[in-house]
Amino acid sequence: MRTQDKRQQAGLDGGQAVNRRLRLLVLSLAVLIAISLLSRLPAWSLLELRSFDYLSTIDDPRPPPGGPVIVAIDEPSLADINAQWPWPRSLHAELISQLRAAGARVIGLDIIMAEPSNPGNDTAIAKAVGPDTVLAGDETLIETPQASQLIRATPLPALTQAGAVTGIASIDLSGDGIFRRIPGYEDGFAAMLAMASGAEAQILPAGRLIQSFGPARSYPTVSYYQALDPENLLPPGYFKDRVVLVGLSLQNAPAIDKGGVDAFATPYTVHTGKLVPGVEIQATIYDNIRYGLSIREARLPMVAACILISVLLAAATVWRSTGWLTIVTSAAALLAFAAVSFAGIRLAHVFVSPLGPTVAYMSVVFGQAAFDYAEERRNKRQIIRAFAQYISPDLVRRLSNDPSQLKLGGERRTLSVLFSDVRGFTTIAETLKDDPEQLTGLINRLLTPLSDVVMDHGGTIDKYMGDCIMAFWNAPLDDPDHALHAVRASLAMQAAISRLNNQLEREAAARGGKPHVLKMGVGINTGECIVGNMGSTRRFDYSCLGDSVNLASRLEGASKNYGVALLLGEETARLVAANYTVIELDRIIVKGRTLPSPVFTVVHKADAKALASHQAFIEAKYAGTLAPSDPAFDKLTAAIPELAGYYAIVRDALLGDGGE
């Protein structure tokens, strides 16, 4: 039988595992489809490019040695030259001469000179330029509802006729306004610089991603006025064999929210919030072309393969279950995706965005975790609904939150244990032996309100034994006032029995029959017990046992011998004495004990004089000096009518023993 049960359980577990894995496979497929659709959105591409910004600048790369030198048209130069911008072209002619004399290999002027100015100045600049000079041009696309017009502004013909090379300095910005790509011009400014310098430069397709080299002023930079007098203001040989770029470059790079003249956001802007001058951007493009540092984006098959691998990894991570280890594994996987993408940029100059694999991985992992959590919550609700019918809801919640407690074993605790039993229920059952449905209905109508009372007062129902209920307090949850709550529950149970009797009386009158009157006895004892899961490895209950439990059961059985509905043990009476009037009734010897145990009950109406008289009555009873004719019987019956039955039983016992 046990082998068969194990096989059945294994079959159930296997079925759940199959359903879970099928759901995981469907989730993985849905994630692949969703990411395929999302990747077509422009916003997705911008997010991928933003991840490129962080990864391509994470190690703060610096410009290659021997790269361009920047001659900045900056605030110190504006102050020193003290001339209104734009400066006369004769000044630029003087700068070209000074740079050439200082040994500059190529001179690039990132200044548009497409319109004539003063004839003398234009003549001066025409005489200064030559094949070693690259002058900036500009290309602008103007779009109107009627047409699109491409306008190209190039240097004056006199300058190009003098040998100057034209390079288009326009750049392309991404949708978020950040410069990231090689401009799409064969005659781009940086490309013409590389060609004029005679260096071997790779011919790069337009659109390749740029490797940035730091924020503004990352390149060696001198002020324009210093370059006009390099012999006196700069170290010797500063421009020797160097590519020199001249352009606007503010000393303090403008903030991105304020904009700037010929300044643009780059990947480093995400770190600094500052724009980079256009002349430094041209230097960056030059180094990317010169040293082959640009970065190509991975093609679709590689991207799809990476996303598929991430989905498979995610499925493997949550294949069996999800838990705290899933979080650790997921964090490691996300770091790995970023590390692989970073390694691709640095080692292979290929950018594989970590966004797709990351979103795919997290979608599968968190999606499955959400399914598992929902399944666990559903199972817990089922457990609570099922077992709350038998044990305390607090215990059910405790066990559902900590299933490890579902094992054999117990702990030693002080409990208040209650036993209740309906007097004469056997006789009632005998009269209803031919109507089992009515008997069952009566038991249910009896046990339901009594059980509700126990649980409403924080008790745990241990078991039902026919019409008898066993319950206890102070387990599984701590209850400092367990004795008080047990006594309150017993009194509420008596009230519930009274209400049920009223209902039964009305029902009997309606059908012209005789009602079944229910009377209940309760015994409560407080003491040390062993409480926990007890039974076998296949079936066990949360229960308690010990000598204190046995005494509680004996008290319930003895209550009818004293004519009271409630009988308390000594420790219970002591704990509730501040809240209820408890009086001693007798000392009894319980089976298994050698010393007599005092028993008590609760009375509701008794003054101090009556209580003192009762105490004298009890002492006379213990001393054996009490006689049936003692006037104390009648006086106490009148003073404490709740104990009239008790006094009558004591008197009858004395008469039966041959008293007067």
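Fair warning: this is a prediction, and the values are worked out from it, not measured in the lab.
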### Query
For the atom pair CG (Leu233) and CD (Gln226), what is the distance rounded to the nearest 0.5 Å?
6.0 Å
### Straight-line distance of Leu24 CG to Asn19 CG, nearest 0.5 Å
12.5 Å
### Task
Go through Thr317 and Thr326 one step at a time and tell me if the side-chain contact (heavy atoms from CB on, under 4.5 Å) criterion holds.
CA-CA 7 Å; Thr317 301; Thr326 307; 4.2 Å; yes
Taking all atoms of both residues into account, what is the closest heavy-atom pair of [X] and [Y], and its distance?
| X | Y | result |
| --- | --- | --- |
| Pro116 | Leu156 | N-CD2, 3.6 Å |
| Leu159 | Pro155 | CD1-CB, 4.2 Å |
| Pro267 | Ser56 | CB-OG, 4.3 Å |
| Leu46 | Gly175 | CD2-N, 3.9 Å |

[Y] and [X] side chains, donor-acceptor separation under 3.5 Å:
| X | Y | result |
| --- | --- | --- |
| Ser174 | Arg180 | yes |
| Asp60 | Tyr268 | yes |
| His271 | Thr57 | yes |
| Gln368 | Arg21 | no |

Taking [Y]'s backbone N and O only, do any of them form a donor-acceptor pair with [X]'s side chain (distance below 3.5 Å, no angle check)?
| X | Y | answer |
| --- | --- | --- |
| Arg217 | Ser249 | yes |
| Ser223 | Ala72 | no |
| Thr322 | Val318 | no |

### Query
Would you call Arg152 and Asp138 a salt bridge, taking side-chain N to carboxylate O under 4.0 Å as the test?
no
### Query
Would you call Arg20 and Asp372 a salt bridge, taking side-chain N to carboxylate O under 4.0 Å as the test?
yes
### Message
Is it the case that over 12 heavy atoms from other parts of the model lie below 6.0 angstrom from the CH2 atom of Trp324?
### Response
no
### Task
State whether the number of non-hydrogen atoms from other residues, nucleotides or ligands found under 6.0 Å of Phe342 atom CZ is greater than 12.
yes
### Query
Between Val359 and Trp44, does a side-chain contact (heavy atoms from CB on, under 4.5 Å) hold up when you go through it step by step?
CA-CA 11 Å; Val359 173; Trp44 181 274; 4.1 Å; yes
### Query
Among all residues two or more places apart in sequence or in another chain, which pass the side chain to side chain contact (heavy atoms under 4.5 Å, CB included) test with Asp132?
Arg100
### Steps toward ring pair (Phe, Tyr, Trp, His ring centres under 6.0 Å) verdict (Phe52, Phe351)
CA-CA 7 Å; Phe52 169 79; Phe351 173 58; 5.2 Å; yes
#### Entry: Cation over ring face, Arg23 and Phe371, 6.0 Å, 45°
yes
